[in-house]
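Below is one structure, written out as structure tokens, with a few remarks after it.
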There are 2 protein chains.
Amino acid sequence: MVKKPTPDSTRRSERSRRAIYGAALALVAEVGYAKTTIEGIAARAGVGKQTIYRWWPSKADVLLEAFLDLGEQAAEQAAQQAAGLGVQPAAEYALPDTGDLAADLKYVLRATVDELLDPTFEAPARALAAEGVVNEPLGRQFVAKLLEPQLQLYVRRLRAAQDAGQVRAGVDPRIALELFVSPLAQRWLQHTAPISYEYTDTLVDYALYGLVPR
Amino acid sequence: MVKKPTPDSTRRSERSRRAIYGAALALVAEVGYAKTTIEGIAARAGVGKQTIYRWWPSKADVLLEAFLDLGEQAAEQAAQQAAGLGVQPAAEYALPDTGDLAADLKYVLRATVDELLDPTFEAPARALAAEGVVNEPLGRQFVAKLLEPQLQLYVRRLRAAQDAGQVRAGVDPRIALELFVSPLAQRWLQHTAPISYEYTDTLVDYALYGLVPR
């Protein structure tokens, strides 16, 4: 089957969209959320501000989509890397499930460490996280659309482990995931201590096997 | 023994200091860290800005001390409440040690929930935390002087539990404490989900006894 050629107008829109995402992420990283404006994003992307208003109602919406796009690109890259290393790539929107819960969680958290230390992601993510701390509606919007969907992947993986008898029956997966996800988030957000693969591996071991002697 | 009377000049300084702390915390809560200035703090506290510069080299230092003072006041209040409830009050700068690690951690985390939901503390704490996310030197300063000393209290309590054979010998207490402290911090900072006593009690149980069946 011959692939239908993409019309020129769609290709132009796609280029504009990419330029707008890039401009929005760069600006928020440089000047912070409060000083980022639709006008500034338009000027930097080389488009008219009406082009932006036609597609997005507010700067929060532009940034949200720019971030979702960044996440999708990272996921694609990770899948390609995993394939290159002979690792079973995760099905779209699911954590790996090899049957070994500890190994799967360690694998995903190591990838998260890489992402948090990637400058492309780090500067805009920090600017938005900082704004979300003091701007509750924005914080809640980003949680609902960006963070919580990611956390729900852990919920599903932990439920599968629970069904397999590898996690205690009474455990609430939505709270349980925080034992290894939140420490990494706090170290990164608040600069409380360095992050590394060894650190996230340790978190998984402590969370799964507990601190008191078995 | 008769208490030596406080000289008038010291009492005046003490009053100014309280006024400056209060003004600094109120301002940072209202306009954020970036827009808080020594001039603004001085005007609101009703003192000359030279009075502030005489005692503190920068606004970060004023805010840091204002916060330390707020923490000390909260600790005194908690000790009085604990005494009123017949609970053994914690020795200064130590977590309670009744020999029951789970109960002691739950007690302290419940007090932290109260503090995080107290509006006196919440607004300035959010403003500073938000700035620390994007301003690494400030973040590190606040961690070193405010947050890490509190975390070290958990390190000591966990070491005592380790000495008593109640925590596995190989566990690093500095990482272990993050399993129950960081989830609470992230929910509060990022508005990811509500916080409550039931929630922090659950975190302690999961962290101590692990997620996999025993």
Side-chain angles (χ1 to χ4, degrees), chain A residues 29 32-34 101-102 123 126-127 129-140 142-143 147-148 151 158 161-162 165-169 171-193 199 202-203 205-214, chain B residues 29 32-34 101-102 123 126-127 129-140 142-143 147-148 151 158 161-162 165-169 171-193 199 202-203 205-214:
Chain A
Y33 180 84
L101 179 63
R126 283 194 177 285
E131 181 69 16
V133 170
V134 286
N135 179 342
E136 187 170 340
L138 183 82
R140 288 192 181 278
F142 275 86
V143 166
L147 188 52
E148 191 61 34
L151 299 182
L158 288 170
Q162 220 160 18
Q166 295 161 359
V167 165
R168 280 191 281 136
V171 161
D172 177 344
R174 180 58 188 77
I175 297 178
L177 68 91
E178 296 176 51
L179 269 65
F180 37 84
V181 168
S182 299
L184 177 59
Q186 192 184 21
R187 282 195 176 204
W188 180 77
L189 270 173
Q190 299 203 281
H191 309 282
T192 44
Y199 167 64
T202 303
L203 288 175
D205 287 332
Y206 289 4
L208 294 185
Y209 305 107
L211 304 178
V212 312
R214 289 192 157 250
Chain B
Y33 181 84
L101 179 64
R126 284 194 177 283
E131 181 68 18
V133 170
V134 285
N135 179 342
E136 186 169 341
L138 182 82
R140 289 193 180 279
F142 275 86
V143 165
L147 187 53
E148 190 62 33
L151 299 182
L158 288 170
Q162 220 161 18
Q166 296 161 357
V167 165
R168 282 191 280 137
V171 161
D172 177 345
R174 181 59 188 77
I175 296 178
L177 69 92
E178 296 176 52
L179 270 65
F180 36 86
V181 168
S182 299
L184 177 59
Q186 192 185 19
R187 282 194 175 205
W188 180 78
L189 272 173
Q190 298 202 284
H191 309 283
T192 44
Y199 167 65
T202 303
L203 288 174
D205 288 332
Y206 288 5
L208 294 185
Y209 305 108
L211 303 178
V212 314
R214 290 193 155 248

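Protein chains get the first letters and strands the later ones, always in sequence-line order, with residue 1 at the start of each. Everything quoted here is computed from the prediction, not taken from an experiment.
Closest heavy-atom contact between B/Gly165 and A/Pro213: O-CG, 3.4 Å. Considering every non-hydrogen atom in both A/Gly210 and B/Arg214, the closest pair reads CA-NH2, 4.4 Å. Here the closest heavy-atom approach between residue A/Arg140 and residue B/His191 is recorded as NH1-O, 3.9 Å. The shortest non-hydrogen separation linking B/Leu147 to A/Gln190 is CD2-OE1, 3.9 Å.
For A/Glu148, the part lying under 4.5 angstrom from a heavy atom of chain B is the side chain only. With a 4.5 Å cut-off on non-hydrogen atoms, B/Val133 touches chain A through its backbone and its side chain both. The part of B/Tyr199 that comes within reach of chain A is its side chain, from C-beta onward, which places non-hydrogen atoms under 4.5 angstrom from that chain. At a 4.5 Å heavy-atom cutoff, the contact between A/Phe180 and chain B is made by side-chain atoms alone. Interface remark: A/Asp205 contributes backbone atoms only to the contact with chain B (heavy atom separation under 4.5 Å).
In terms of heavy-atom pairs under 4.5 angstrom with chain A, the leader among B/Val181, B/Leu151, B/Val167 is B/Val167. Counting heavy-atom pairs closer than 4.5 Å to chain B, the top residue among A/Phe142, A/Tyr206, A/Tyr209 is A/Tyr206. Looking only at heavy-atom pairs under 4.5 Å with chain B, the residue among A/Leu189, A/Leu184, A/Val134 that has the most is A/Leu189. Most heavy-atom pairs under 4.5 Å with chain B: of the set A/Gly32, A/Ala34, A/Ala176, this distinction falls to A/Ala176.
A search for salt bridge (charged side-chain N to carboxylate O under 4.0 Å, His left out) contacts involving B/Arg168 returns nothing, not counting sequence neighbours. Qualifying side chain to side chain contact (heavy atoms under 4.5 Å, CB included) partners for B/Ala127, counting only residues two or more places apart in sequence or in other chains: B/Val28.
Within the 4.5 Å cutoff, the side chain of A/Arg187 has heavy atoms near those of the B/Ile175 side chain. Contact of the B/Glu178 side chain with the A/Thr192 side chain is not registered, since no non-hydrogen atoms from C-beta on lie closer than 4.5 Å.
The distance from the CG atom of B/Leu101 to the CG atom of A/Leu211 is 8.0 Å, given to the nearest 0.5 Å.
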